[in-house]
Amino acid sequence: MKLNARHFLYCTIFLVSSLVGYTQKKGVTTADKKFENYSYVDAIAIYEKVAEKGYKDEKMFRKLGDSYFFIAELIKAEKWYTALFDMNAVQETEYYYRYSQSLKAVGNYSKADKMLEQFIAKSAGDQRGKLFASQRDYLKEIKENSGLYEIFDAGINSAYSDYGSAYYNNTILFASARDTGGVAKKVFKWNNESFTNLYSSEISTQGGLGKPEVFNKNINSRFHESTPVFTKDGKTMYFTRNNYLNGKRQNDSRRIILLKLYKATNENGKWVNVEELPFNSNEYSVAHPALSVDEKTLYFASDMPGTNGMSDLFSVSVNPNGTYGTPNNLGLPINTESRETFPYIAQDNKLYFASDGHPGLGGLDVFVTDLLANTGSETIENIGAPINSTLDDFSFVIDAENRKGFITSNREGGLGSDDIYRFNKLPVPVCVQVLQGVIKDQDTGLVMANAKVSLFDANFNLIKEITTPLSGAYTFEVECGKVYYLRGEKVEYETKENKIVIAKVSGETQGPLELEPRKRAVDVGTDLANTLNIPILYFDLDKSFIRKDAAFELEKVLAVMQQYPKMTIDIRSHTDCRQTIAYNQALSDRRANATKAWLIKNGIAANRLAAKGYGESQLVNDCGCEPTNKSNCTEEQHQANRRSEFLIVSMQ
């Protein structure tokens with residue numbers, strides 16, 4: 001179903017109505033009312049009749065594009081967003097992102113990327129823009145992840161919306177808006193389909209699915225039910241439903257019935273004791289539950305306070321006494337300003353979820369991350385085609401034991417607005433990679449013997465180091481798909497580091513290094529930070545301990561001081577103007593002394609080092625902000641002031 005599947009926070013019931021006009025002006029006014037009341041299908045019909053008569057208007061094109069975008073008809077949304085940008089290439093920031101998503105739906109990735117570039121320019125702090133800026137080769141990465149699944153029609157789809165699979169005993173449960181021939185069904189105004197109920201289908205020994213049957217009358221209601229999840233013993237069920245319990249519905253302050261999570265228990269084969277979870281609210285939606293492997297944590301999607309985008313993923317502890325903890329936003333790098341939804345936890349503790357905020361093929365794509373990594377910078381991977389397509393793909397579930405599962409999509413070729421597909425996960429081919437290269441003199445091109453080559457992981461942990469032979473060559477065994485840092489060093493040469501991304505297929509990755517002879521004079525008064533091209537030493541916010549990436553840069557200073565054993569230096573730390581003068585002074589003192597302590601710990605005598613913080617007293621630009629501690633300067637301008645200096649005091 002176009003709506004309650006993916007735009008879950010809009011899976012609501014709107015208690016409004018309006019008349020339809022027929023003149024252009026009255027037609028647009030009427031369509032606007034439909035749009036404002038979330039009756040997008042009705043609004044589209046009126047807008048398009050007016051547009052067919054040659055009427056052109058930016059606001060109308062914007063709402064036509066939005067109407068199709070919100071019901072996940074991205075191919076049709078592209079037509080009207082194109083008309084909008086043809087009329088005026090300058091639009092509100094969010095429309096650059098929506099247009100890019102719609103362009104992907106029609107396969108126009110080059111233009112989609114251009115829209116994303118403009119989106120970044122207008123919204124530099126947006127996580128979606130940052131992700132695109134750091135993954136401009138995202139299509140190449142997705143291609144490397146593709147081909148690991150084979151996908152088939154599940155055989156249970158109808159002409160309506162079918163989505164959201166879940167395993168229960170020897171059956172698969174799913175939500176459907178299909179007509180079962182009963183009494184008149186309520187219609188969801190967002191997309192003019194019936195409200196969804198839960199259905200079950202038996203899984204045969206060959207993996208096929210039997211005829212769908214209505215799941216349970218105690219669970220299904222007059223409104224939406226969807227996305228159940230069950231405990232391993234089959235006695236507890238969590239599921240999504242509109243705000244409707246014991247025959248009573250409740251609205252939010254806008255007279256909208258939102259979504260909530262409910263719990264039911266199985267007693268003697270019957271589902272009873274339906275109750276809503278305590279962190280629900282009449283003022284926001286909570287939906288699409290998933291259980292951790294140990295069943296001590298419940299994951300879900302919500303737009304509750306603290307949400308970054310249209311919907312975020314949250315977790316909450318399930319206590320032994322039946323109570324629940326406080327919901328916790330999963331935060332970065334998982335959540336973005338768009339939609340993260342439909343979480344699923346596989347038996348290997350991998351979190352699969354759908355998102356249209358991370359770089360993808362178009363619409364919602366399925367992504368995966370390892371919950372056990374727990375590094376704060378977990379890798380988020382797009383699992384590629386054919387699971388993902390140019391349209392919406394979501395509700396991924398997999399039985400890791402038999403490598404089979406289900407995915408929902410509104411891709412071309414389906415029976416209804418959303419359809420369920422079954423898939424098999426193919427065996428992953430063994431991947432073997434080596435990183436190799438030759439160290440050369442940058443000026444002469446001659447190979448360099450006796451150069452030290454060090455390999456670090458993505459967190460700057462040293463893995464291995466070697467000294468090059470006469471050939472100047474080196475070789476490291478590395479893992480496929482990983483990020484490494486390669487450093488080359490030799491006396492009288494500048495230290496050089498390169499970031500290396502290893503391919504996800506077997507082969508050899510080339511990582512040549514050319515070292516530059518140290519031509520710049522090293523003498524009293526020289527700032528080693530400039531000489532050694534050391535960027536800002538990064539410290540965590542309000543902290544003064546040396547991070548691994550900062551230590552990576554400090555090793556350059558260490559190497560020079562080891563080369564010149566009589567050299568003494570003055571370590572100077574500077575901050576930008578934000579925070580008070582006293583605070584910045586104290587912070588810079590702590591950071592300068594932490595830098596000094598690191599060098600002492602690594603073998604430099606204390607009498608060769610002086611350290612002092614200067615706070616914000618020596619800004620290199622006009623970005624002062626006293627007495628308010630606020631400034632209109634850019635982040636780049638402030639960063640120029642957050643610097644470390646290593647001034648040579650003596651060489652004797």
Side-chain angles (χ1 to χ4, degrees), residues 1-2 4-5 11 152-188 193-242 244-245 247 259 261-274 287-290 342 344 394-399 402 404-410 414-423:
M1 176 175 178
K2 299 277 184 209
N4 72 312
C11 280
F152 316 91
D153 184 282
I156 55 174
N157 294 307
S158 68
Y160 302 94
S161 182
D162 304 286
Y163 73 94
S165 311
Y167 289 105
Y168 175 57
N169 294 333
N170 196 40
T171 64
I172 193 79
L173 263 70
F174 62 97
S176 179
R178 67 188 61 200
D179 185 359
T180 55
V183 206
K185 296 183 70 176
K186 283 185 172 291
V187 173
F188 184 42
E193 282 196 2
S194 299
F195 288 95
T196 59
N197 283 151
L198 293 178
Y199 290 78
S200 65
S201 183
E202 187 173 354
I203 304 173
S204 70
T205 54
Q206 290 77 30
L209 298 177
K211 181 180 178 181
E213 297 181 355
V214 175
F215 173 58
N216 188 285
K217 292 183 179 179
N218 289 338
I219 301 299
N220 288 330
S221 72
R222 299 163 56 201
F223 301 115
H224 286 303
E225 281 80 32
S226 68
T227 54
V229 66
F230 299 85
T231 54
K232 294 186 183 78
D233 61 12
K235 294 181 179 179
T236 303
M237 169 187 182
Y238 298 94
F239 65 99
T240 307
R241 179 194 280 175
N242 277 122
Y244 181 81
L245 185 63
L259 294 177
L261 287 184
Y262 294 83
K263 174 185 175 181
T265 55
N266 193 309
E267 296 182 3
N268 301 318
K270 295 183 179 180
W271 288 103
V272 294
N273 304 322
V274 177
H288 311 323
F342 287 96
Y344 175 76
F394 56 98
S395 191
F396 177 100
V397 298
I398 186 170
D399 184 334
N402 63 22
K404 298 180 184 295
F406 296 90
I407 179 73
T408 302
S409 179
N410 68 338
L415 292 178
S417 50
D418 290 318
D419 292 290
I420 298 170
Y421 297 83
R422 61 183 177 90
F423 63 78

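What's counted below: heavy atoms across the whole structure, side chains too, no hydrogens, waters or symmetry copies. Model, not experiment: these values are computed from the prediction.
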Test your reading of the model: is there a side-chain donor-acceptor pair from [X] to the backbone of [Y], 3.5 Å cut-off?
{"X": "His224", "Y": "Thr196", "answer": "yes"}
{"X": "Asp153", "Y": "Gly155", "answer": "yes"}
{"X": "Asn242", "Y": "Glu225", "answer": "no"}

Under the ring pair (Phe, Tyr, Trp, His ring centres under 6.0 Å) test, which residues partner Phe239, sequence neighbours left out?
Tyr262

Tyr421: what forms a ring pair (Phe, Tyr, Trp, His ring centres under 6.0 Å) with it, not counting sequence neighbours?
none

Distance only, no hydrogens: is a donor on one side chain within 3.5 Å (strictly under) of an acceptor on the other, for Asp418 and Thr408?
no

Ser417 and Asn410: side chain donor to acceptor below 3.5 Å:
no

Answer whether the closest heavy-atom distance between the side chains of [X] and [Y] falls below 4.5 Å.
{"X": "Ser176", "Y": "Ser158", "result": "yes"}
{"X": "Asn170", "Y": "Glu202", "result": "yes"}
{"X": "Val214", "Y": "Asn197", "result": "no"}
{"X": "Leu209", "Y": "Arg422", "result": "no"}

Under the side-chain contact (heavy atoms from CB on, under 4.5 Å) rule, collect the residues that match up with Asn216, sequence neighbours excluded.
Asn218, Ile219, Trp271

Under the salt bridge (Lys or Arg N to Asp or Glu O under 4.0 Å) test, residues paired with Lys232 that sit two or more places apart:
Glu295

State which residues pass side-chain hydrogen bond (donor to acceptor under 3.5 Å, both in side chains) with Ser395; sequence neighbours excluded, sorted by chain then number.
none

Got a sec, which residues hit side-chain hydrogen bond (donor to acceptor under 3.5 Å, both in side chains) with Lys404, two or more places apart in sequence or on another chain?
Asn424

